[in-house]
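Notes follow the structure.
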Amino acid sequence: MGFVWYLTAFLASSAVFSSNDAGGIRGVEGQYLLGLGIGDITGPVVETNMMGYASLGQTDTGLHMRERSRAFIIAEEANPANRVVFINADIAMGDTGVRRTIVSRLSALFPSLYTNTNIAFVGTHQHSGVGGYLENLLPQITSLGYVNQTANAIVEGTVLAVQRAHGNLKSGKLGLGNTTVLNANINRSPSAYLANPAEERARYEFDQDKDMTVLRFDDDSGEARGFLSFFAVHGTSLYENNTLVSADNKGMAAFLYEASVEPNSMPGNNTFVAGFTQSNVGDTSPNTLGAFCESPGEDFDGMACDFDHSTCGGTVQDCHGRGPGFRISDFESNRLIGQAQLEGAKTVMEGGNLTPVAGAVRSVHVYMDMANHTFALPNGTTVQTCPAAMGFSFAGGTTDGPGAFDFVQGDNSSNPQNPFWEIVKGAVTPPPSAAQIACQDPKPILLNTGYAHFPYEWSPSTVDIQMLRVGNFVMLIMPGELTTMAGRRIREAVRAQLISQGIIGDDAYVVIAGPANTYAHYVTTREEYGVQRYEGASTIFGQYTLEAYINKYTNLLPFIADTVTGTPASDAAPAEQTSKAISLQTGVVFDAAPIGKRFGDVLTDVSTTSAYRAGDTVFAQFVGANPRNNLRLEGTFLNVDQLTSGGAWTPVKSDSHPSTVYRWERTSTVLGTSTVNISWTIEDGTPSGTYRLRYFGDSKPLIGSISPFTGTSSNFMVTA
Ligand SMILES: *[C@@H]1O[C@H](CO)[C@@H](O)[C@H](O)[C@H]1NC(C)=O
Ligand SMILES: *[C@@H]1O[C@H](CO)[C@@H](O)[C@H](O)[C@H]1NC(C)=O
Ligand SMILES: *[C@@H]1O[C@H](CO)[C@@H](O)[C@H](O)[C@H]1NC(C)=O
Ligand SMILES: *[C@@H]1O[C@H](CO)[C@@H](O)[C@H](O)[C@H]1NC(C)=O
Ligand SMILES: *[C@@H]1O[C@H](CO)[C@@H](O)[C@H](O)[C@H]1NC(C)=O
Ligand SMILES: *[C@@H]1O[C@H](CO)[C@@H](O)[C@H](O)[C@H]1NC(C)=O
Ligand SMILES: *[C@@H]1O[C@H](CO)[C@@H](O)[C@H](O)[C@H]1NC(C)=O
Ligand SMILES: *[C@@H]1O[C@H](CO)[C@@H](O)[C@H](O)[C@H]1NC(C)=O
């Protein structure tokens, strides 16, 4: 597979270059070379901590939908060396180490085409993906260290997505439009938002951004090939009690959109690519009904949580945000928030009033050490950022996931709860100096992570500062989660400077994409920082973090002008951490089938006596093996097959359809036995006919190599 893709990509790239180089053809203004690709990045779906809520108990047990990277390449047709690649990955956030490997792999495959400067690696900020891939220590605590298999899956699938995008580069056009999406987000820290000046708030209708921006990719005949959309809403429709690997509301929106364009493609095998990108997500929530107390037996049960502190009876644990499908299920909330974003994107894609995008393709990237960055505010006052620190409210979590990182309570040697924490807690962050306390003021410091370097860096100090420009459209690739107002301030500051410096005209259009590249937690306004809710407590570089970013991004604008001279000054790249990484996750020891059974044997069969109808769930249980033996990237752990009139079986559903669920359960560690449950909830409109469930597994003997096997249910009938 790898070699074939490389060959295809190579042939395509040489075709592109020979036509331009040989003829010296100048592209029609506004025309670009466009490439779109998709790749499977799903790490181990069992026995691995999930990423987002930082909850030790959230260990995955199966699969709802696969995670994907979607790559979008834009090059100037007249000068294809000027190009950018935007990667939208179904993961909680970008990461320095994963990005480093992706950049090095792509620059080896495509020398000088894809570089550290023009590759943006953006996470959708979903909270139901596989964890353990982040390079810094703090986010590894709940995953018991680094999980190389997760990081490798993200790298492989992302590189494949870019190779595919490169392989289908062809001439096309871009259009830009926007719409409002009213029913998909709320502000989860309104009391902090209210600290922003009244006259500033008065300029906006809502306390979160309701605008969705869409960049439409067309071929030369005007046929849509896909799009990138930008909309701010947390990927927390699925709560921390969900243990099925999924892609939350943005992954759902992408699946629904792609399936609406190519209903007969298996998920991930489509050519139309729908990019739902995260934006200034910091204080947004998809739990649009608000946050309520789930406190059975208490008189405040079912009431709204305390406004300022999101508590119920004084503690955060019972306060939960509710999504629009609350009465039905968390998966229904996820579907509805995905559907709302799909509808926003369709409104723009089908609305016909997109503005054509024309002009230069540019990118700029520098490293910035945020630990102690001194700079002048616009009024001339010199200020500085601080080495990273997390405030007390960080441990309180949010209404989307209360009590995140409650490992702090695990620091009780009589009762060790987390073996990884037991190893690293001796290095628990040194007490903050008077200078650090003053710098981080008014944040009370819980974890002084900027001073914790053992056994390796707990938090990043050096972040990626990056911008991509296509004509009048500028994407700020941000290393963290900006709140609503922080995002508005930096967008407006950058746009004003683009215009005043004459880099782009009055049509300059600026969006935020993130959390991307390095994960440097949150960015609030200085006023919100003063309130120290979760987002302020997680603004790690101090009260001037946002101002430092505004200063840096605006200073870099000359490097995305039509004519660029020189290269920007950069701090040193952050040191590589993964070679020092501690990993406590044990590998698969062995698999065995119970005596008298074989792998894939059916333990509980489908019903063969009566037909199923739409809305019914078909279920079968099989003798299983650990799915960590083979991630089956680009493949599937299950199929629903339909019997065709010619007598052949055709797969109609895979493990990535939201209607199917794959669950794995170890039944004996000593004997190495496990079971797999497969279910399919039949969609409306499913054709009548004969179907069967199939299970694809891989078993690991105590001695010898891993080998594949298949399980097959009995045939069953579906009637419309
Ligand atoms: C992770 O896996 C990759 C690919 O198998 C390997 O090259 C690398 O050395 C591993 N890294 C660690 C820290 O185990
Ligand atoms: C939406 O597009 C219009 C037209 O380009 C523009 O004036 C407006 O500022 C855009 N809205 C946002 C939120 O960017
Ligand atoms: C998961 O947690 C949410 C929020 O507390 C709750 O509403 C929901 O019922 C829980 N789901 C399950 C399956 O326990
Ligand atoms: C993916 O699409 C290609 C081309 O349409 C087709 O040949 C292939 O069988 C499909 N693969 C799957 C798994 O559906
Ligand atoms: C930060 O920089 C200032 C001024 O250069 C210096 O006085 C201070 O010691 C530095 N602090 C740290 C923690 O490096
Ligand atoms: C500049 O602005 C900062 C932040 O608003 C403020 O603290 C400082 O006093 C101002 N300096 C002057 C000279 O006005
Ligand atoms: C463990 O934590 C509990 C609750 O905070 C506390 O009462 C107890 O004294 C602690 N034990 C030790 C050995 O620190
Ligand atoms: C699999 O299905 C069986 C039978 O319904 C059930 O008892 C078991 O809990 C299921 N396992 C998982 C992991 O959901």
Side-chain angles (χ1 to χ4, degrees), residues 53 55 57-58 61 64 127-128 175-181 196-197 200 203-206 208-215 229-232 236-244 279-280 285-287 289 291-296 301-302 305 312 316-334 344 347-348 351 353-357 375-384 397-403 441 471-475 484 487-489 491-492 494-495 499 504-512 525-527 529-530 543-544 546-548 550-551:
Y53 292 110
S55 161
Q58 197 191 13
T61 60
H64 175 239
H127 285 51
S128 53
L176 188 60
N178 62 37
T179 188
T180 51
V181 177
N196 294 308
E200 184 183 32
R203 293 173 44 218
Y204 305 97
E205 191 178 354
F206 298 102
Q208 74 292 138
D209 287 338
K210 300 286 190 191
D211 313 276
M212 174 184 278
T213 293
V214 176
L215 183 66
S229 67
F230 301 80
F231 180 77
T236 50
S237 289
L238 300 174
Y239 298 107
E240 65 184 83
N241 56 10
N242 164 53
T243 57
L244 295 175
S279 194
N280 45 329
S285 170
N287 293 317
L289 300 185
F292 297 88
C293 298
E294 290 174 9
S295 315
D301 183 33
C305 311
C312 297
V316 295
Q317 267 68 27
D318 293 349
C319 175
H320 291 275
R322 291 179 180 173
F326 169 70
R327 294 285 164 207
I328 305 164
S329 76
D330 308 339
F331 284 93
E332 181 62 7
S333 292
N334 187 53
T347 302
V348 181
N353 56 354
L354 290 109
T355 312
V357 176
F375 65 103
L377 293 173
N379 69 8
T381 301
T382 297
V383 295
Q384 69 168 79
T398 72
T399 54
D400 291 334
D441 186 70
N472 66 322
F473 189 58
V474 174
M475 294 168 262
T484 301
R488 290 168 178 167
R489 286 188 191 171
R491 280 200 312 255
E492 289 174 17
V494 167
R495 182 167 182 278
I499 295 168
I504 300 180
D506 286 345
D507 62 347
Y509 195 119
V510 181
V511 293
I512 289 165
T525 66
R526 207 149 43 82
E527 295 85 348
Y529 187 86
Q543 61 172 319
Y544 294 111
L546 173 63
E547 284 78 5
I550 292 176
N551 179 267

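Counting starts at 1 for both ligands and their atoms, following the listed order. Residue indices begin at 1 and follow the sequence shown.
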Taking heavy atoms and a distance under 4.0 Å, where does Asp330 meet ligand 3: side chain, backbone, both or neither? side chain

Below 4.0 angstrom from a heavy atom of Asn178, which ligand 2 atoms are there? Numbered from 1 as shown, please. 1 (C), 2 (O), 3 (C), 8 (C), 10 (C), 11 (N), 12 (C), 14 (O)

Roughly how far, to the nearest 0.5 Å, is the CZ atom of Arg489 from the CZ atom of Arg526? 8.0 Å

Relative to the heavy atoms of Asp211, which atoms of ligand 2 are at a distance of less than 4.0 Å? 13 (C)

side-chain contact (heavy atoms from CB on, under 4.5 Å) partner of Pro286, the single match among Asn334, Thr236, Leu238: Thr236

Under 3.5 Å between any N/O of Glu294 and any N/O of ligand 3: does that happen in this structure? yes

What residue and heavy atom of the protein are closest to atom 4 (C) of ligand 6, and at what distance? Arg526 NH2, 2.9 Å

Heavy-atom protein contact below 4.0 Å for atom 11 (N) of ligand 2: yes

Tell me if a side-chain donor or acceptor on Ser279 pairs with a main-chain N or O of Ile512 at a distance below 3.5 Å. yes

So which atom in Ser333 and which in Gly325 form the shortest heavy-atom distance, rounded to 0.1 Å? OG-N, 2.9 Å

As an exercise, identify every atom of ligand 6 less than 4.0 angstrom from a heavy atom of Thr381. 1 (C), 8 (C), 10 (C), 11 (N), 12 (C), 13 (C)

Atom 5 (O) of ligand 2 sits nearest the protein heavy atom Tyr509 CE1, 4.2 Å

If we ignore angles and hydrogens, is there a donor and acceptor under 3.5 Å between the side chains of Asn196 and Thr525? yes

Name the closest protein heavy atom to atom 13 (C) of ligand 3, giving the residue it belongs to and the distance to 0.1 Å. Asn241 ND2, 4.6 Å

Under a 4.0 angstrom heavy-atom cut-off, which atoms of ligand 6 come close to Leu377? 2 (O), 3 (C), 4 (C)

To the nearest 0.5 angstrom, please state how far the OG1 atom of Thr180 sits from the CZ atom of Phe231. 9.5 Å

Atom 7 (O) of ligand 6 [closest protein heavy-atom partner, distance rounded to 0.1 Å]: Tyr544 OH, 4.4 Å

For atom 8 (C) of ligand 6, which of Asn379, Val383, Thr382 has the closest heavy atom? Asn379

Do Phe473 and Phe230 have ring centres separated by under 6.0 Å? yes

Asn280 side chain to Asp209 side chain, donor-acceptor N/O pair below 3.5 angstrom: yes

